> 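Please see the structure below; I have some questions.
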Protein chains: 2
Amino acid sequence: MNKMAGKTVGERVIVVMGMAFSREDCPVRDVIDNIGGKWNTLMILALADGPMRFSALRRLIPDISQRMLTQTLRDLQRDGYIGREVFPTQPPSVEYRLTPLGQSFLVLVKGLVDWSKEHHDAIRAARAEYDAAAA
Amino acid sequence: MNKMAGKTVGERVIVVMGMAFSREDCPVRDVIDNIGGKWNTLMILALADGPMRFSALRRLIPDISQRMLTQTLRDLQRDGYIGREVFPTQPPSVEYRLTPLGQSFLVLVKGLVDWSKEHHDAIRAARAEYDAAAA
DNA sequence: CGGAATCCGAGGCGATACTG
DNA sequence: CAGTATCGCCTCGGATTCCG
């Protein structure tokens with residue numbers, strides 16, 4: 001048994017840098033799971049400029065299967081990053097857009113992109129060196 | 001065939017917000033793959049306070065199997081986030097520490113953690129609402 | 001147009017046992 | 001102490017087909 005912030009916790013808890021992470025109900029896990037997916041971050045970026053329809057997203061990201069497009073959109077919608085609006089046209093059209101939460105998260109994603117570009121060479125170099133040493 | 005930044009590219013390229021992402025050799029993918037793993041971010045955080053030995057990391061993160069501990073450390077080392085130092089003692093001891101690249105990345109991870117904590121409630125709420133509507 | 005349902009292979013990850 | 005090797009589950013994600 002452990003005490004934390006006045007609340008008794010019986011679950012497994014990992015404490016790093018004064019922060020406690022529990023395996024279940026971990027705030028970070030909820031977010032990691034979303035950016036860890038293959039298409040999630042790209043989808044956030046795709047919607048950064050404004051609302052987009054399903055078919056427009058397909059055209060923008062040709063490599064994605066419609067199965068994964070649907071699933072990615074559902075996942076992001078479920079966690080509140082994006083909103084979905086159906087227009088009763090014939091045939092129906094559906095529009096997706098970033099929610100305020102999604103826009104807030106977009107800032108992080110952009111930061112991630114910038115960092116990646118800046119340190120891409122260093123990463124590739126480290127990888128090449130490691131692989132060379134292993135051989 | 002497409003022209004981009006004066007360089008001919010034959011591969012599939014996705015352009016979002018004026019930024020081009022290629023499926024192969026994508027800077028962001030290299031980074032996403034590392035934070036997407038189950039233990040990678042936690043490992044970065046674990047090493048934030050300073051160098052740590054293999055066994056110390058095992059104690060700090062009881063839930064991880066030694067297989068995944070080894071593999072996670074290897075992956076992060078390969079991409080240059082952490083360094084590995086072997087001390088010729090008996091029995092041998094190995095120390096892991098963040099490289100400058102890792103320390104730089106730590107800043108992003110911390111930002112991710114902070115954001116997660118701040119918006120955790122909103123995410124959980126959105127999820128609950130979505131699930132309720134689906135039922 | 002915007003999906004859902006199904007099938008299937010590849011890889012992530014855990015459990016266990018063994019080693020210098 | 002700090003790993004490696006092997007096995008097997010199970011999820012992720014692609015291809016295909018069908019639907020309102």
Side-chain angles (χ1 to χ4, degrees), chain A residues 12 14 23-24 26 29-30 32-43 46-47 51-79 82-97 130 133-134, chain B residues 12 14 23-24 26 29-43 46-47 51-79 82-97 130 133-135:
Chain A
R12 268 287 212 280
I14 303 167
R23 201 96 286 281
E24 317 88 51
C26 173
R29 276 253 66 85
D30 288 338
I32 296 284
D33 289 345
N34 266 322
I35 59 179
K38 188 169 180 180
W39 302 105
N40 298 4
T41 54
L42 188 57
M43 198 62 58
L47 293 173
M52 273 212 179
R53 293 183 51 184
F54 191 86
S55 48
L57 288 169
R58 287 205 66 176
R59 279 191 301 276
L60 183 66
I61 314 175
D63 286 2
I64 199 173
S65 65
Q66 86 276 50
R67 181 206 198 291
M68 286 317 293
L69 178 55
T70 301
Q71 183 174 311
T72 302
L73 289 168
R74 285 292 174 281
D75 290 345
L76 292 174
Q77 182 192 358
R78 187 169 107 100
D79 281 14
I82 67 177
R84 185 181 116 113
E85 191 173 2
V86 183
F87 297 95
T89 57
Q90 194 52 259
S93 68
V94 180
E95 211 174 72
Y96 294 91
R97 78 181 64 226
Y130 181 92
Chain B
R12 268 286 212 282
I14 302 167
R23 199 98 286 282
E24 316 89 48
C26 174
R29 277 253 64 87
D30 287 339
V31 178
I32 296 284
D33 288 345
N34 266 322
I35 60 180
K38 189 170 182 182
W39 301 106
N40 298 2
T41 54
L42 188 56
M43 199 63 58
L47 293 173
M52 273 212 181
R53 293 183 50 183
F54 190 86
S55 49
L57 288 169
R58 287 205 67 176
R59 277 191 301 276
L60 183 66
I61 313 174
D63 287 1
I64 199 173
S65 64
Q66 84 277 46
R67 182 209 192 308
M68 287 315 295
L69 179 53
T70 301
Q71 183 173 312
T72 303
L73 289 169
R74 286 292 174 281
D75 290 346
L76 292 175
Q77 182 193 358
R78 187 169 108 99
D79 281 15
I82 65 178
R84 185 182 116 113
E85 191 174 1
V86 183
F87 298 94
T89 58
Q90 194 54 257
S93 68
V94 179
E95 212 174 69
Y96 294 91
R97 76 183 64 225
Y130 181 92

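What you see is a predicted model, and the numbers here were worked out from it, not measured in a lab. Every chain is numbered from 1, with letters handed out A, B, ... down the list of sequences.
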> Once you round to the nearest 0.5 Å, how far does CG of Leu60(A) lie from CE of Met43(A)?
8.5 Å
> Using modelled atom types and a 3.5 Å cut-off, is there a donor and acceptor pairing between side-chain atoms of Arg29(B) and backbone atoms of Lys38(A)?
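Looks like yes, one N/O pair under 3.5 Å.
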> Please list, chain by chain and in numerical order, all residues satisfying side-chain contact (heavy atoms from CB on, under 4.5 Å) with Arg84(A), sequence neighbours excluded.
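For Arg84(A), the residues satisfying side-chain contact (heavy atoms from CB on, under 4.5 Å) (neighbours in sequence not counted) are Arg74(A), Gln77(A), Val86(A), Val94(A), Tyr96(A).
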> By the 4.0 Å heavy-atom rule, please label Arg74(B) as base, sugar-phosphate, or nothing.
sugar-phosphate
> Within this structure, what is the CD1-to-P distance between Ile32(A) and dT11(D), rounded to whole angstrom?
20 Å
> Going by number, which of residues 65-72 of chain A have a non-hydrogen atom under 4.0 Å from DNA chain C?
Gln66(A), Arg67(A), Thr70(A)
> How close or far is atom P of dG3(D) from atom CD of Glu95(B), stated in whole angstroms?
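Result: 12 Å.
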> Consider side-chain contact (heavy atoms from CB on, under 4.5 Å). Of Leu42(A), Ile64(A), Leu47(A), which one does Leu57(A) pass it with?
Leu47(A)
> Hey, does the side chain of Arg59(B) come within less than 4.0 Å of dA2(D)'s phosphate (OP1/OP2), counting only N and O?
no
> Quickly work out the Gln90(B) CD to dG20(C) P distance and round it to whole Å.
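Distance check: Gln90(B) CD to dG20(C) P gives 13 Å.
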> Does dA2(D) have its OP1 or OP2 closer than 4.0 Å to a side-chain nitrogen or oxygen of Ser55(B)?
yes
> Rounded to whole Å, please give me the gap between CG in Asp63(B) and P in dC13(C).
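Value for this atom pair: 14 Å.
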> Evaluate Thr72(A) against Asn40(A) for side chain to side chain contact (heavy atoms under 4.5 Å, CB included), listing each step before the verdict.
CA-CA 6 Å; Thr72(A) 302; Asn40(A) 298 4; 3.2 Å; yes
> Evaluate side-chain hydrogen bond (donor to acceptor under 3.5 Å, both in side chains) for Asn34(A) paired with Asp79(A), printing each intermediate quantity in order.
CA-CA 9 Å; Asn34(A) 266 322; Asp79(A) 281 14; 2.7 Å; yes
> Rounded to the Å, how far apart are Asn34(B) CG and dG12(C) C1'?
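So the two atoms are 14 Å apart, to the nearest Å.
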> Measure CE/Met52(A) against P/dC1(C) and give the value in whole Å, please.
16 Å
> Rounded to whole Å, please give me the gap between CD1 in Ile64(B) and P in dA15(C).
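Atom CD1 in Ile64(B) sits about 11 Å away from atom P in dA15(C).
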> May I have the step-by-step check of side chain to side chain contact (heavy atoms under 4.5 Å, CB included) for Leu69(B) and Ile61(B), ending in yes or no?
CA-CA 9 Å; Leu69(B) 179 53; Ile61(B) 313 174; 5.8 Å; no
> Across the strands shown, which category fits Phe87(B) at heavy-atom distances under 4.0 angstrom: base, sugar-phosphate, nothing?
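Since no nucleic acid heavy atom lies under 4.0 Å of Phe87(B), the category is nothing.
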> Distance check, rounded to the nearest 0.5 Å: Glu85(B) atom CD versus Arg97(B) atom CZ?
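If I round to the nearest 0.5 Å, the distance is 5.5 Å.
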> Below 4.0 angstrom from OP1 or OP2 of dC1(D), is there any side-chain N or O of Arg53(B)?
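It does not, given that no N or O in the side chain of Arg53(B) lies less than 4.0 Å from OP1 or OP2 of dC1(D).
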> Return the CE to CG distance between Met68(B) and Leu73(B), rounded to the nearest 0.5 Å.
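Going from the CE atom of Met68(B) to the CG atom of Leu73(B) covers 10.0 Å.
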> Measure from CG on Leu60(B) to C1' on dA2(D) and round the result to the nearest Å.
17 Å
> What does the inter-axis angle of the helix from dC1(C)-dG20(D) to dG20(C)-dC1(D) come out as, five pairs per end, nearest 10 degrees?
40°
> Please figure out whether Pro91(A) or Arg58(B) has its closest DNA chain D nucleotide nearer the 5' end.
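By nearest-heavy-atom nucleotide position, the 5'-most residue is Arg58(B).
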